[in-house]
Undergrad: 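Here you go, one structure.
Proteins come first, then strands; the chains are lettered A, B, ... in the order of their sequence lines, and each starts at number 1.
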Amino acid sequence: MTLAKLIDELNPQQKRAATTTAQNCLVLAGAGCGKTKTIVARAAYLIDKGLPAQQIQILTFTRRAASEIVTRVEQHMGVQAKGLRASTFHTFCIYLLRRNPKVFGLTQFSIIDRDDQLLMFRLLRGKDKGNVLPKAAELCDLYSYARNTKTKLSEALVEQLPQAIEYKTQIAELMKAYEQRKQERNFLDYDDILAIVAVHLQNSPELVNWVTGFCSALLVDEMQDTNPLQWALLQPLIGKVKLFCVGDDAQSIYGFRGADFENIHHFKECVPDAEVLTLEMNYRSTQGILDLSNWLLQQSPIEYGKHLQAYRGQGLKPQLHILSNEFEEANWIIQDLNQRHSQGAAWAEHMVLLRSGFSGRYLEGALIAANIPYRFIGGVKLLESAHVKDVLSLLRVSVNPQDDLAWMRFLTLWDGVGDVGASKLAQELIQLPDIEARCQRLERHGKVPQQAILILMQLDVLQQHVEACIGLALDALNEQLENNYKTKDWSRRVKDFDLVKQLARKHSSLGEFLEEYVLDPISVSEIDKTPDQDLVTLITIHSAKGAEQKVCYVPHVSPTQYPHARAQGDFDDVEEERRVLYVALTRAENELILTKQNLNLWSHDQYDELGRKIESYFLNDLPQDLVDIRIHRDIPRAYGQASRSRSTAISLGFGIDLD
DNA sequence: CAAACACTGGTTTTT
DNA sequence: CCAGTGTTTG
């Protein structure tokens with residue numbers, strides 16, 4: 001396909017955006033209005049106008065979105081697209097840091113994930129009993145929020161943890177200690193990655209020149225989800241690069257990470273000479289789906305000024321199925337999937353949108369039982385599961401001997417070593433000058449087997465052979481891990497190690513391998529699947545932006561879920577929840593199927609399990625003509641029968657019976 | 001005194 | 001389902 005053909009497929013608004021000559025441009029586009037298509041066309045257009053592909057940097061929120069865009073540009077531009085970079089903000093920054101560490105004041109560093117952060121905060125905070133300080137997770141989120149929003153601790157406290165304001169001094173001390181520890185160990189957390197680059201760009205015109213030397217066009221996807229830290233990163237480059245951003249305020253769902261959709265309303269004030277364009281025609285969904293989505297948004301006190309209009313006509317009305325519990329919900333979805341599949345639909349035409357990774361548990365079980373192939377994007381991450389981290393700890397200490405967290409993990413695996421002893425020994429080990437000294441110290445300690453120590457030595461020289469390293473690490477740990485996990489699904493866990501080896505094959509150094517998956521962890525159920533396999537997709541709504549599918553299921557559309565119980569009572573949080581649901585609804589192309597598990601149709605005057613009044617529920621006052629509602633009641637089953645939902649539909653006073 | 005063991009409760013969302 | 005806690009054991 002050629003550029004002409006690509007541009008030809010665009011509508012006049014999209015075409016205007018893709019071919020703009022403005023230095024800076026913001027495209028405001030509703031869901032399904034062709035944002036990705038416009039970015040792809042923009043990249044292709046720039047290349048066609050003579051800008052080398054390696055001068056273009058596309059910034060997206062996920063690795064999936066990035067590779068999709070690259071693939072599509074390649075389809076259109078062939079070899080001319082070679083060198084096009086698309087990555088997340090974090091991966092882009094790492095790319096800069098690795099390419100020129102010295103100018104950022106770095107030599108060697110390791111990236112730590114949230115688990116490591118939690119561990120550090122837990123250690124610094126001390127035991128729980130009688131401890132009035134916020135929990136490790138709260139501290140971690142608070143710290144990250146303050147950095148991402150570039151606010152003072154006191155302000156972040158008011159926003160995020162008002163109940164802990166009185167402990168501000170102690171919290172400040174904890175955070176200081178956390179930062180100091182990070183520095184001593186050459187650790188970078190997720191926020192450091194962005195912050196270091198942002199600060200150095202701000203202070204060094206030479207650095208800006210260096211970056212703009214190989215980055216003359218920046219294309220930013222999902223602009224509504226960028227936070228002040230990410231803005232700070234872009235700021236020094238404004239005016240020096242071509243900036244092209246796309247976004248939708250109604251799909252802003254990363255407020256918890258400091259994103260503020262008001263940013264895009266103020267785009268013109270922050271970016272001089274910016275052109276702001278809008279895309280209004282929706283090509284993804286049929287009107288019935290958009291009617292429900294539009295209604296949801298109109299219920300909001302926030303004025304989004306959006307009314308999605310379908311290009312494709314009226315289509316089918318969304319369905320709402322009411323079942324008695326989570327089991328029945330999952331079983332009903334399985335039944336419906338099976339029925340569609342037997343009528344010739346591919347599994348891959350179906351997507352299930354989930355509020356949390358956790359909320360897919362029943363459905364996942366039911367899919368396995370029913371033998372339906374699926375992948376779960378956003379589910380349990382392979383390299384975050386405990387047993388895989390155990391193995392990785394060995395590799396981590398090999399890459400960065402200063403990594404005391406990894407040392408502790410490795411040491412506590414062995415019998416006779418607990419966290420106290422491990423902590424002491426780890427502090428000693430990171431002081432030692434070389435691998436020989438460390439191994440000698442380990443031998444003297446006596447609790448770590450000879451074989452494991454020997455393998456540690458071997459790893460040191462084998463870093464380029466990632467798969468071999470993992471094989472060795474497994475040799476060292478297998479017996480011990482089997483013992484550690486014998487009561488905890490060992491047989492299931494062993495299988496994951498093959499997947500890890502499989503992943504490792506693609507990487508040329510241990511450090512690179514570890515880094516890649518800290519920045520973008522991969523789901524267990526996703527890992528050995530190829531893109532062309534016929535699979536049902538389970539996906540968290542936060543990972544689903546930009547995704548679309550013919551038939552979409554949105555389970556658990558129940559009171560206390562939308563909005564989530566934790567958001568109740570907070571205006572901004574509730575409205576963000578509304579946008580989360582909005583994003584879910586607007587993924588569907590042809591059919592949208594909601595299920596909920598509360599037989600009480602509405603939540604007026606309802607109370608949750610803790611007796612709190614449910615103040616808001618988005619489906620209260622749902623107009624009767626927007627959805628077809630069916631209530632399913634269980635028929636008692638015979639004992640021992642596999643769970644199977646045979647449900648009867650009873651006609652409610654409104655809506656139609658689909659039978 | 002430190003570590004293994006058994007138990008329980010509580011889980012949004014992501015880089 | 002797993003991390004954090006309290007209890008028992010070495």
Side-chain angles (χ1 to χ4, degrees), chain A residues 59-66 87-94 111-115 117-119 122 125 127-129 131 135-137 140-141 144-145 147-148 188-195 222 225-227 229-230 252-259 353-361 364-365 377-381 384-387 389 411-412 414-424 447 483-489 492-493 515-521 523 539-545 556 560-568 573 576-577 579-581 583-584 609-610:
Chain A
L59 292 171
T60 60
F61 265 71
T62 61
R63 182 167 54 179
R64 272 195 331 287
S87 53
T88 61
F89 275 84
H90 287 84
T91 313
F92 174 59
C93 289
I94 287 291
I111 296 162
I112 56 170
D113 67 3
R114 192 180 139 91
D115 268 2
Q117 288 184 284
L118 287 175
L119 189 57
R122 205 172 291 136
R125 187 192 96 120
K127 285 273 181 276
D128 253 359
K129 52 181 175 198
N131 200 331
K135 300 213 177 96
C140 194
D141 292 342
S144 183
Y145 183 86
R147 298 195 69 190
N148 279 286
L188 298 187
D189 63 27
Y190 290 126
D191 305 325
D192 293 322
I193 296 169
L194 301 188
E222 310 288 3
D225 287 322
T226 51
N227 58 41
L229 181 54
Q230 289 163 323
S252 169
I253 55 174
Y254 280 87
F256 66 91
R257 204 171 82 183
L353 293 136
L354 299 162
R355 181 67 187 77
S356 65
F358 177 67
S359 61
R361 72 211 140 128
E364 225 180 327
I377 300 171
V380 181
K381 305 297 197 306
E384 286 172 5
S385 52
H387 53 293
K389 287 202 131 189
L411 293 170
T412 45
W414 308 102
D415 291 338
V417 188
D419 33 297
V420 178
S423 172
K424 271 192 211 139
K447 299 278 168 67
N483 187 41
N484 292 357
Y485 288 106
K486 63 186 169 208
T487 58
K488 297 169 186 166
D489 271 327
R492 261 234 307 274
R493 290 172 194 261
E515 202 160 88
E516 168 118 15
Y517 296 99
V518 182
L519 288 176
D520 200 346
S523 311
I539 190 167
T540 58
I541 298 168
H542 281 83
S543 316
K545 283 189 314 170
H556 316 308
T560 74
Q561 292 299 309
Y562 295 96
H564 193 273
R566 275 177 76 141
Q568 298 275 340
D573 288 354
E576 179 150 311
E577 292 281 307
R579 295 189 294 267
V580 169
L581 183 55
V583 168
E609 316 78 59
L610 299 170

Undergrad: Could I get the full list of side-chain contact (heavy atoms from CB on, under 4.5 Å) partners for A:Tyr517, not counting sequence neighbours?
TA: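 Counting only residues at least two positions away or on another chain, A:Tyr517 forms a side-chain contact (heavy atoms from CB on, under 4.5 Å) with A:Arg63, A:Leu383, A:Leu503, A:His507, A:Phe513, A:Ile522.
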Undergrad: Rounded to the nearest angstrom, tell me the gap between atom OH in A:Tyr190 and atom P in B:dT15.
TA: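 Taking OH of A:Tyr190 and P of B:dT15, I get 8 Å after rounding.
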Undergrad: Taking the side chain of A:His542 as its heavy atoms from C-beta onward, which of B:dT13, C:dC2, B:dT11 lies nearest to it?
TA: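 Of the candidates, B:dT13 comes closest.
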Undergrad: A:Ser356 side chain: which of C:dC2, B:dT13, B:dT14 is closest?
TA: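 Nearest to the side chain of A:Ser356 among the choices is B:dT13.
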Undergrad: Quick check on C:dC2: is either OP1 or OP2 less than 4.0 Å from any side-chain nitrogen or oxygen of A:Arg493?
TA: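 Result: yes.
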Undergrad: Of the non-hydrogen atoms in A:Arg257 and A:Asn148, which two are nearest, and what is the gap between them?
TA: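 Closest approach of A:Arg257 to A:Asn148: O-CB, 3.4 Å.
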Undergrad: Would you mind reading off the distance between A:Arg566 atom CZ and B:dG10 atom P, rounded to a whole angstrom?
TA: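 One finds 12 Å between P of B:dG10 and CZ of A:Arg566, rounded.
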Undergrad: I need the NZ-P distance between A:Lys424 and B:dA2, as an integer number of Å.
TA: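 Result: 6 Å.
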Undergrad: From the set B:dT14, B:dT11, B:dT15, return the single nucleotide nearest to any side-chain atom of A:Thr62.
TA: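 Side chain of A:Thr62 sits closest to B:dT15.
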Undergrad: Please work out which of the three classes, parallel, tilted or perpendicular, describes the rings of A:Phe61 and A:Tyr254, given edges at 30° and 60°.
TA: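 Aromatic pair A:Tyr254/A:Phe61 classed tilted.
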Undergrad: Can you measure A:Lys389 atom NZ to C:dC2 atom P for me and round it to whole angstrom units?
TA: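 To the nearest whole Å, that distance equals 13 Å.
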Undergrad: How long is the line joining CD of A:Glu516 and P of B:dT15, in whole Å?
TA: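 Those two atoms, CD and P, are 13 Å apart.
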Undergrad: What stems involve DNA chain C, if each pair must be Watson-Crick or G-U and both of its distances must be under 3.5 Å, with 3 or more such pairs in a row?
TA: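 So far as stems of 3 or more pairs are concerned, DNA chain C shows B:1-10 with C:1-10.
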Undergrad: Could you tell me the separation between the CG atom of A:Asp115 and the P atom of B:dT14, rounded to a whole number of Å?
TA: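 These atoms are roughly 14 Å apart.
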Undergrad: Whole angstrom is fine here: how far is it from CD1 in A:Ile539 over to C1' in B:dT14?
TA: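 For the pair A:Ile539 CD1 and B:dT14 C1', the rounded distance is 13 Å.
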